[in-house]
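Presented below is the structure to which this report refers.
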Amino acid sequence: MKNILKNILNLSIICSAFLLTSCEAEKAAIKKSSIVEKSKSEISFSEFKRETGLNDFKTTVKIPKLNNLLARNADGSYELSDFDLETDLIKRLELEDKVTYSFRIYPKLIISTNSFYNLTVENKDGQWIQNIVELKPTLENFDELLSGYTQDISGNLSLVYTSNENALSINNNCYSVGIIGNNCTNSEISETCVSKKYSTFCFDSDNNVIIGEDAQIFNNDDNSEPDYSFILNTNNLKENLIKFAKDHVALNNQIIKLMETETNANFNNFPFSQLALSQSELEFKEAIANSGINKYSELGDLLLRQGQNNKDFWANNKDFEVLKHETKLALISDAFDVAIRENPIELPPIPEQTILARGCVEQYIVDRQRCVRNNNLNAIGVGAAALGGPVSLGLACLAAMAISKACFDDAREDFYACCSN
């Protein structure tokens, strides 16, 4: 098709752009404690409050200055102390006699883009104990964990903070931790589909836990029971991307169907630059109306909803940007392929042609489906490209839609040209 590649190239200028289940047989058992069969491993923030009674649990964490924190810079000029909690998904580990909750938390000042921070909460003898651990996977393992391809961690671990520093149980002068990776296919967890890794934080000569010192993550080698265990909480990026793709495709299908009836649409003179900083949705819709769109208000609302969907994804999935480029492309392609397959759009019927023109018809079908797929794939860049408010996000979606329309127009022109030859 003569113009589609040019249109897609133009769009790339306008819009920048888990779960491989690996359930293994349990390699080592935790002495005395085992994961309760079919234990619910993911809960909401409201469920966490209801189960624990911690109704005033804050969504920010500030480590007390008196705690023995490790300075993060070589000159000792900065301490890691302030975090924001991710409350969308909380991991829950139920052992035979206790439950541990783990939150993904983010330092307010990013120090290492290749680390995960978890806040773990457990009740021990009636006292709520909080630990903050920094998980430091290998570079390859980091991408695998972040993208949801595995929950089997390899690398190092350090204890950033514990509220139980003066009462830690000491076993061979070390504090043992069990790290459970949930590779199960749903929110229920069982012994058959988890990975179990371990680490130990050792004490100095005065029995003070060494805060911030790296400890190796290893496979269990002695079947001893760790002092406490938690489910690794990296993120829900893959699932969030799948939801984003489904929402975007549903909106995009409505836009494509609407545009089928808009025969006078012309966006050649659309005032993109003039509206770039506008906060007025009314001005945005008026500009759409001036482009020959009869259902301008309905189209404007759909585009604004698409823009907000993009904005929400980028705001709630900050880790997506740090993934390797090829990993991002694979995740995007997989998510949108599933969304398009599960929510196909019924395109207008193709005019009946002679037997000789059937090759043209087949190509036309392929070309139109490519237009649908490419338009949906371009969605992921909208939230990153649009730096302003809802109007600028809507503009980015409109730009993608306008080029999608040009793609369909080119496919139709090529079809008729093919049939006439």
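The figures that follow rest on heavy atoms only: side chains count, while hydrogens, waters and symmetry mates do not. Along the sequence shown, residues carry numbers from 1.
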Can Ser115 and Glu134 be said to form a side chain to side chain donor-acceptor pair (under 3.5 Å), step by step? CA-CA 7 Å; Ser115 290; Glu134 181 180 359; 2.9 Å; yes
Looking only at side-chain N and O atoms, does Ser278 offer a donor or acceptor that is under 3.5 Å from a partner on Ser280? no
Using a 4.5 Å cut-off on heavy atoms from C-beta on, say whether the side chain of Val177 contacts that of Thr200. no
Describe, in one word, how the ring planes of Phe48 and Phe45 are oriented to each other, choosing from parallel (under 30°), tilted (30 to 60°) and perpendicular (over 60°). parallel
Side chains of Asn141 and Ser154, donor plus acceptor under 3.5 Å: no
Contact check, side chains of Lys136 and Asn114, non-hydrogen atoms, under 4.5 Å: no
If you compare all heavy atoms of Val249 against all heavy atoms of Ala339, which two are closest, and at what distance to 0.1 Å? CG2-CB, 3.7 Å
For the OG1 atom of Thr138 and the CD1 atom of Ile217, what is their distance to the nearest 0.5 Å? 9.5 Å
Relative to the ring of Phe244, is the ring of His248 parallel (under 30°), tilted (30 to 60°) or perpendicular (over 60°)? tilted
Please check this pair: side chain of Lys197 against backbone of Ile153, looking for a donor-acceptor N/O pair closer than 3.5 Å. yes
Where Tyr228 and Glu122 come nearest, the two heavy atoms and their spacing: CB-OE2, 3.2 Å
Side-chain heavy atoms of Phe116 within contact of Val133, under 4.5 Å: no
Determine whether a donor-acceptor pair (N or O, by modelled atom type, separation under 3.5 Å) exists between the side chain of Thr150 and the backbone of Leu145. no
Taking the six-membered ring for Trp, are Phe267 and Phe272 closer than 6.0 Å centroid to centroid? no
Result for side chain to side chain contact (heavy atoms under 4.5 Å, CB included) between Asn233 and one of Leu89, Asn118, Leu135 points to Asn118
If you define the side chain from C-beta out and look only at heavy atoms, does anything of Tyr101 sit under 4.5 Å from Thr120? no
Tyr149 and Ala330: which non-hydrogen atoms are nearest, and at how many Å? OH-CB, 4.1 Å
How long is the gap from CG on Asp152 to CD1 on Ile179, to the nearest 0.5 Å? 10.5 Å
Does Asp84 form a side chain to side chain donor-acceptor pair (under 3.5 Å) with Thr60? I'd like the steps, not just the answer. CA-CA 5 Å; Asp84 290 319; Thr60 58; 5.6 Å; no
Give, for atom CG of Leu119 and atom OG of Ser102, the distance between the pair rounded to the nearest 0.5 Å. 9.0 Å
Return the CG to CZ distance between Leu251 and Arg305, rounded to the nearest 0.5 Å. 5.0 Å
From Met259 atom CE to Gln254 atom CD, the distance as rounded to the nearest 0.5 Å: 14.5 Å
Under 4.5 Å between any side-chain heavy atoms of Thr162 and Leu159, yes or no? yes
How far apart are the closest heavy atoms of Leu323 and Leu237, and which atoms are they? CD1-CD2, 3.6 Å
Is a side-chain N or O of Asp143 found less than 3.5 angstrom from the main chain of Leu139, in a donor-acceptor match? no
Close side-chain approach of Phe103 and Glu86, heavy atoms under 4.5 Å: no
Is the centre of the Tyr161 ring less than 6.0 Å from the centre of the Tyr117 ring? no
For the backbone of Leu258 and the side chain of Thr261, can you confirm whether one donor and one acceptor N or O come within less than 3.5 Å of each other? yes
Count the heavy atoms belonging to other residues, nucleotides or ligands that lie under 6.0 Å from CD of Glu346, then report whether that count exceeds 12. no
Matching residue for Asn266 among Asn269, Asn268, Asn264 - test: side-chain hydrogen bond (donor to acceptor under 3.5 Å, both in side chains): Asn268
Can you list every pair that meets salt bridge (charged side-chain N to carboxylate O under 4.0 Å, His left out) and has a residue in residues 240-258, with sequence neighbours left out? Lys243-Asp247, Lys246-Glu342, Lys257-Glu260
Scan side-chain atoms only and decide if Ser199 and Gln216 contain a donor-acceptor pair under the 3.5 Å cut-off. no
Could you give the distance from CG (Asp82) to CD1 (Ile105), rounded to the nearest 0.5 Å? 10.5 Å
Step by step, work out the side chain to side chain donor-acceptor pair (under 3.5 Å) result for Gln308 and Asp312. CA-CA 6 Å; Gln308 188 62 47; Asp312 291 344; 2.8 Å; yes
Any chance you could lay out the side chain to side chain donor-acceptor pair (under 3.5 Å) test for Asp227 and Ser176, step after step, and finish with the verdict? CA-CA 5 Å; Asp227 294 296; Ser176 177; 4.9 Å; no
Is it the case that atom CD in Glu47 sees more than 12 heavy atoms from other parts of the structure closer than 6.0 Å? yes
Going by an N to O cut-off under 4.0 Å, is there a salt bridge joining Glu94 and Arg92? yes
Let me have the donor-acceptor pairs involving side chains of residues 284-304, under 3.5 Å, with sequence neighbours excluded, atom names and distances please.
residue, atom, partner, partner atom, Å
Lys285, NZ, Asp301, OD1, 2.6
Asn290, ND2, Glu286, O, 3.3
Ser291, OG, Ala287, O, 3.0

Please examine the side chains of Ser195 and Asn183, heavy atoms only from C-beta on, and report whether any two atoms are closer than 4.5 Å. yes
Can you confirm whether Thr52 sits close enough to Asn123 that some side-chain heavy atom of one is under 4.5 Å from a side-chain heavy atom of the other? no
Give a yes or no on whether the backbone of Leu329 and the side-chain of Ser333 come within a donor-acceptor separation of less than 3.5 Å. no
Run the side chain to side chain contact (heavy atoms under 4.5 Å, CB included) check on Thr59 and Phe83 step by step: do they pass? CA-CA 9 Å; Thr59 57; Phe83 298 85; over 6 Å; no
